[in-house]
Every structure is written in C-alpha cells, then in structure tokens.
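See below for the structure under consideration.
Just the heavy atoms: all of them, side chains too, but no hydrogens, waters or symmetry mates, feed the values below. Please read all numbers here as calculations on a predicted model, not as lab measurements.
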Amino acid sequence: MPLPKRTTEQLQLDLAAAAAVRQARKNIKRDLKEGRIDLEHAIALPVMRRVRVRDLIRALPGVGEVATDEVMTRLSIAENRRVQGLGANQRAGLLEWWDGRNKK
C-alpha cells in the first residue's frame, strides 16, 4: 500500500516540527552539560525518548568516550539503545552511577 500523498504545506509543517524537536534535544543536552538540569529530569522528558543513551551520557559534564563505554558495558546497555528502551534496572543503574560520580 503506497503512502498517502502529502501537500507541500503538510511537508513544510512536518519539517518545521522535526526541526523544533531537534532544537529542543540540542537545548536539553546543552543544559545537561552546563548543569542546569539533572539526568533524571532529562530522561523523563518526552522529547528525549528517542535519543540514543550513548548520546545522552556523552552530554553529561565531564563524561567522555571511555566513561560512556564503561557505564554502558557495566549496565548491559546496547550501543543502539534509546532512552525509551531502557529497562527499569538500567535506568536506576544509570541514575545511581551518575549520582555516585557527582559525589566524588
């Protein structure tokens, strides 16, 4: 079954909506990096559900590739896992790891 034809106006609206979502994610990652919001709040935001966990962890202040790889391996989080696909234990483990890292 072919996809329905979209009007130029509908396509423009879709493109604008997609751009707004990308901008919102960019702003949230920036706020994470600058410490304006915490990880728990960022994970709870609906717009962040489709973000890869790797990208979310890398947006945290002071976290690089090595730390990202270590926590993802320790928590058994697949490379391509998105935030919405995290299990309850993985989510709790990620938040616990971040809280422990911040207390040092």
Next on the checklist: So, using side-chain contact (heavy atoms from CB on, under 4.5 Å) as the criterion, who are the partners of L75 when residues are at least two apart?
Outcome noted: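 Checked L75 against side-chain contact (heavy atoms from CB on, under 4.5 Å); matches are V71, I77, L94.
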Item to check | More than 12 heavy atoms of other groups within 6.0 Å of K26 NZ | outcome: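 Not more than 12 within 6.0 Å, no.
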Item to check | Within 6.0 Å of CD in E96, more than 12 heavy atoms from elsewhere | outcome: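 Check fails, neighbour count at 12 or below.
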Next on the checklist: For the CG atom of L95 and the CG atom of L39, what is their distance to the nearest 0.5 Å?
Outcome noted: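 Rounded to the nearest 0.5 Å, the CG-CG separation comes out at 5.0 Å.
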Item to check | Point-to-point distance, once rounded to the nearest 0.5 Å, from CE of M72 to CH2 of W97 | outcome: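 If I round to the nearest 0.5 Å, the distance is 11.0 Å.
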Next on the checklist: Can a donor-acceptor pair be found, under 3.5 Å and without considering hydrogens, that links the side chain of R101 to the backbone of G62?
Outcome noted: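 Side chain of R101 to backbone of G62: a pair is present.
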Checklist entry - Under 3.5 Å, is there a donor-acceptor pair between the side chain of K33 and the main chain of R58? => result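 Checking the backbone N and O of R58 against the side chain of K33, a donor-acceptor pair under 3.5 Å is found.
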Checklist entry - Any luck finding a side-chain donor-acceptor pair between Q23 and N27 under 3.5 Å? => result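 There is such a pair (donor and acceptor under 3.5 Å, judged by atom type) between the side chains of Q23 and N27.
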Checklist entry - Linking I/L/V/M/F/W/Y whenever their side-chain heavy atoms sit closer than 4.5 Å, directly or via other members, would V21 and L13 fall into one cluster? => result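 Cluster IDs for V21 and L13 differ.
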Checklist entry - Yes or no on side-chain contact (heavy atoms from CB on, under 4.5 Å) for I43 and R91, after CA distance, side-chain angles and deciding distance? => result CA-CA 9 Å; I43 288 175; R91 185 181 299 258; 2.4 Å; yes
Checklist entry - Any Lys/Arg nitrogen of R54 or E65 sitting under 4.0 Å from an Asp/Glu carboxylate oxygen of the other? => result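 Here R54 pairs with E65 in a salt bridge, since their nearest N and O are under 4.0 Å apart.
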Checklist entry - Could you give all pairs that pass the side-chain hydrogen bond (donor to acceptor under 3.5 Å, both in side chains) test and reach residues 40-51, with sequence neighbours left out? => result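 Matches after skipping sequence neighbours: R49-Q84.
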Checklist entry - Can you tell which of L60, L56, D55 makes a side-chain contact (heavy atoms from CB on, under 4.5 Å) with K29? => result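 It is D55; the other options fail the test.
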Checklist entry - Testing T73, I57, V53 for side-chain contact (heavy atoms from CB on, under 4.5 Å) with T68, which one passes? => result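 Exactly one option meets the side-chain contact (heavy atoms from CB on, under 4.5 Å) with T68, and it is I57.
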Checklist entry - Does any non-hydrogen side-chain atom of D14 lie less than 4.5 Å from one of R6? => result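 They are in contact (side-chain heavy atoms under 4.5 Å apart), so the answer is yes.
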Item to check | Heavy-atom pair of closest approach, residues E79 and D69 | outcome: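 For E79 versus D69, the nearest heavy atoms are OE2-OD1, 4.4 Å.
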